[in-house]
Each structure stands twice: as C-alpha cells, then as structure tokens.
Amino acid sequence: MSAQTVTAGQRPGSPQAQSLLSVNNIEVIYDDVILVLRGLSLDVPEGKIVALLGSNGAGKSTTLKAVSGLLPSEQGEVSSGSIIFDGQDITKMDAAERVKQGLSLCMEGRHVFPHLTIAENLQAGAYTQRSSNEQLDFVYEFFPQLAAIRSRTAGFLSGGEQQMLAIGRALMARPKLLMLDEPSLGLAPLLVEETFETIARLNAETGLTVLVVEQNAKVALKVAHHGYIMEQGRIMLEESADALAENPDVKEFYLGMTADGQGKKSYRDVKHYKRRKRWL
Amino acid sequence: MTQFLVLLIYGLSEGAILALAALGFVLIYKATGVINFAQGEFLLIGAYTFYTAFVIFQLPILIALLVGVVVAVVVGVLVERLILRPMVGQSHISIIMVTIGLAAVLSSIVQMFFGTQPRAMPNLFPTGSVEILNGSIPANRLWTLLVAAVVLTLLTVFFQKSKHGIAMRSVADDEQAAMTVGISVRRIFAMSWGLAAVSALIAGVLLADLTTVEMGIVNFGLLVFPVVILGGLDSVPGTIVGGLTIGLVTQFTAGYLDPGLAGVAPYIVLVLVLLVRPYGIFGEKRIERV
C-alpha cells in the first residue's frame, strides 16, 4: 500500500483500516480553558514512518502527549474524539498501560535519567517487560557506542549519546509504535542526520512503525513515507513525503526555499508569506 | 582505650538505627519530594505495633515482626493515598505543615491506646557481654548493629540493583520520563511510603529493644534531620554514613565531654554542615551539561 492511499477521511472500520494508530478528530484542552488541538485526525499505517511537521506552537508535542497519555500530568485532557491503537480505544488509558500495549515515546529534549548509568537507564526502559536480556542485546548491538560506555552516568553523556540512549531506552519496552518528539533538538547537523538514519534503519530492519514530530522538515521528509503538516491545532496538509517535499508551499515555508527554487527568501516577501501561510 | 571501644560500639549501634530511620525519610524525599516530619512517628507506630503483637498477643517473634511489617506498609500506603496524594501540586510549605499535622495525629493515636507510661519489652537478643580488648561490650548492642547492617545492606542493594529500585530512582530523576517507559508513578510513590514505614518499623523495634517502648522514641526520630542534612538529603550511602557519624558524635560527646551536651551535639553538627556544605557530604549535585 502506498502511503498516499491513507487519507484523513479514513477511519477504523473502513476497508483500508490497517493503521496501527489512528487519531480521530481529537480536541485537547489544557487547564479547562486553553484549546490546543481543534479536531485533529491522523493515521499511522503499520510499518511506516510518518512525520508530523509544523511550526512552534502548532500542537505537535501536544498530539504526541495525547497519544502517549501524558496530558493528565500537565492538567490537559482529550475532551473529544478518540485514539485507537492496534484496534483498541486508548483515549482514556493510563500512560503506563499504553507502554505495555506497545506505545513508546521519546520525549523532546531526550529526558534520559541523568543520575542513572546507561545500563540502568535501559533497565528502567524495560520496566514493563518480564525479561530484558534479549532486548538489551539488541539495543547494544544496534548502538555499539552505548555498549562500550554502559556504566557511565547518563547526565554526563554528549547530546548525541543521550539521543541514542533515549531511543534505546524506548526500544527496551518492545514498542510496536515508536514516537519521537523533535529528535533533532539541540543536536549538531551531522548528528541530526545520523539520528534520522538510525530511525530509517530501525524501520527497515525491524519493521518498527514510527511517528516523528519535527521542525526540521527537510531531514524528516527524507526518511518518512508520509507526512502531515499542522497549523494551529489542525492538520492542514497531508501527502506522501515525496509529494510534500515537492509541494511549493511546503518548500517555501518549511524548507526555506523560494517558490522558484532559487536562493533565499527575502524580507520583501514577508507579506506574501503571511497571506499564503494563513491559507495553508 | 576500653572506654573508646565501648563508646564506639554504642555509637555505631545507635547510628545504624538512626541510619535506618533516616533512610525511610530519604526514600520519601527522593521519590516524592515530600519532607516527612512524621518519620519519628513511624518509628513509634512500628515499635508499638510490634510490642502489641509480641508482648500483648504473645505471638512468636517472627510472626510479630510480620504483623509489624504489614501494619507499617498499610499505614505508609494509606498516608500516601489519603493525605499526600491530594496535596500533589501544593506548595512545599503546605505539604510540610500537613506532615507536621500528621505527626501530631499519629502520636496522639498511639497515646490514646497505650498512654504515656514506658513499657518494658523482653529482650530480643541474647544479653550478657562480650570481652573485647579488656572492654566488656553488651552483646545486644552487637546484635543490633548486625541486624541494622543487614537491613541497610538489603535496602541499598534493592535500591541499586532491583527493577523496582531502579524504577524508584528513575521517578526521582524525571517523573514524566518515567511515565514514558511505563512506570506507574503513583505505585512508586506508594511503594516509597510503604518501604519508608518498614525501615522505620525496624528502627523502632531495635531502638525499643535498647531502651523501652515509650513516646520518647519520637525525639529519637527527630535526629533524622541532622543525619540527612549531614549525608545529603537524597543520597542513600550518605544517609548511612550520616547516621553512623551522628551516632558516634553523640556517644563520644557523652563519654568524653559532657552527657548533657550529647543531646545537643547532633544539632550543632546540623548547623555547621548547613554553614559549610549545605547539600551534605554526599548530596547529589544537579548534573548540568554545558
């Protein structure tokens, strides 16, 4: 199935419902007053990499928190709509239980446990698992750099190493769907590339389904099969990643190229930019 | 030399009990961020529960201990569930006030049932004394030291190596990240309170065996503050070192300087530490990457 056949209108129960995750028209409210997501829907087909793109404050992170059940700890709630994961309605499920069902999140800013060693971080990642040895071997094999320094305290690792550890820790729970929130944040360009190569490799070698939230649209669209673009709590555009990368508006607003593909944007175009963006 | 040896053993045995009591305090602080002013009352409840089971109901010692553990866990978990959980998100001061109130309630309950008269408990350990280097050391002190050391070791290993110990430290490090790996933060909070109550129970029983079962145990519980300030509020090894140090300081002051000064000595240490090294000997410095 090509990524393009997945459309926003497709819901579970429809003939093509092979999505591992489908978010149906959810609204998210913080503190009972601030409406952050206004009827957001998206689908993540099994075995694919889906990128969720958008500018600051569009609600990308909130979407991931809604899916992983972290909203209650931030006074947020899904006030309407539903989230279906692997055929099960998880809208109201406890965060810890979702991890058991196969949903793992790598939080923005990596969030490794700073005072624990690498080995202990990974062990903590396997909290929901009965035995962790097999998965531990897999993670060390996948990230040989981590294996070499496994008794180091995580807080003192470099950003790139922490990112590897955060992904490795999420993998310890044997997820069916791995969600990553801004994996490129605060990393050098080379490490950003490396991180996304890792994601692509995981997907190719193990068939892991990935939902990645990014501001760096360029690198994300390179590895993703399918992309969504968010604006102000809604999905504004969705297409296959290749088509998105070629889309003139996306090129202009997210990839920093002018419509004719030449040179940088200048301030002369700002007005135009605003108008077009509102439409987008 | 003889006096030194005796004081050393006295100091270490009392210090080990203190370390146990303080470890419970540190567990709660580390995992949940609550400063528990009722830790001394947990010692009290532990000692009286054990006394009730062992002396009043004449249960065998191990069964009595088991009863004590069950009651301690239930009390610890209930306190967390009914009193501290509704306080989540409140200011530190409000939470401290709540634990102070809790302390008053718990000690009043004990007083209501048992009165203020000290009660004697039959010796748990063999009496008599051991001759070491011409000094005679009471055997029960050595036993106390041994039991406390074993329990402290078990707790440390649990904390360092076991799945739940690592989960507790994860929650202490980063609650939200702990949730993302499937750790139920609520369960870890309940577990910390339960475990703290159990370590307080053992401390209370050991203390009651050295002295008597009485309300004064609470005052001993107050000594956890110098211990944790000295050791660092969030460090398990620090707590053990801090406990032993405070125990030794008290005994050596009593033996060499003035018994009256011994009661104040831990608090003098407290003030000095706060002046010189406010995060304690082993206190965790926040890791900041540059």
Highest number of heavy-atom pairs under 4.5 Å with chain B among A:S73, A:A173, A:A95 belongs to A:S73
To the nearest 0.5 Å, what is the distance between CZ on B:F220 and CD on B:Q39?
11.5 Å
Could you check which of A:D94, A:N121, A:L70 has the highest count of heavy-atom pairs closer than 4.5 Å to chain B?
A:L70
Kindly say whether A:V67 contributes a backbone atom to a donor-acceptor pair with the side chain of A:R98 at under 3.5 angstrom?
yes
If you count every heavy atom of other residues, nucleotides or ligands that lies below 6.0 Å from B:M97 atom CE, does the total exceed 12?
no
Does any donor atom in the side chain of A:E108 or A:S61 lie under 3.5 Å from an acceptor atom in the other side chain?
yes
Which residues in residues 158-169 of chain B have any heavy atom lying under 4.5 Å from a heavy atom of chain A?
B:Q160, B:K161, B:K163, B:H164, B:I166, B:A167, B:R169
Indicate whether any N or O donor in one side chain lies under 3.5 Å from an N or O acceptor in the other, for B:T99 and B:N36.
no
Please look at A:E97 and chain B and tell me whether the side chain, the backbone, both or neither of the residue comes under 4.5 angstrom of a heavy atom of that chain.
neither
Taking a cut-off of under 4.5 angstrom between non-hydrogen atoms, the residues of residues 128-137 of chain A near chain B are A:T128, A:Q129
To the nearest 0.5 angstrom, please state how far the CD1 atom of B:I246 sits from the CG atom of B:L244.
10.5 Å
Whatever's closer than 4.5 Å to a heavy atom in chain A on B:A172 counts as neither
About how many Å separate OG1 of B:T144 and CG of B:L12, when rounded to the nearest 0.5 Å?
12.0 Å
Take atom CG in A:L190; do more than 12 heavy atoms of anything else shown fall under 6.0 Å from it?
no
Sole residue of A:L37, A:V28, A:I29 in side chain to side chain contact (heavy atoms under 4.5 Å, CB included) with A:S79:
A:I29
Return the CG to CG distance between A:D43 and A:L211, rounded to the nearest 0.5 Å.
11.0 Å
Output for pair (A:L180 CG, A:L52 CG), nearest 0.5 Å, gives 12.0 Å
Decide yes or no on ring-ring contact (aromatic ring centres under 6.0 Å, His included) for B:F25 and B:F225, but give the supporting numbers first.
CA-CA 9 Å; B:F25 179 93; B:F225 289 102; 5.3 Å; yes
Per-residue tally against chain A (heavy atom, under 4.5 Å) across B:R187, B:Q176, B:M179 peaks at B:Q176
Which portion of A:A170 sits near chain B, non-hydrogen atoms under 4.5 angstrom
neither
When only pairs under 4.5 Å are counted, which of A:V112, A:L116, A:L103 shares the most heavy-atom pairs with chain B?
A:L116
Flag if over 12 foreign heavy atoms under 6.0 Å of CD, A:E205:
yes
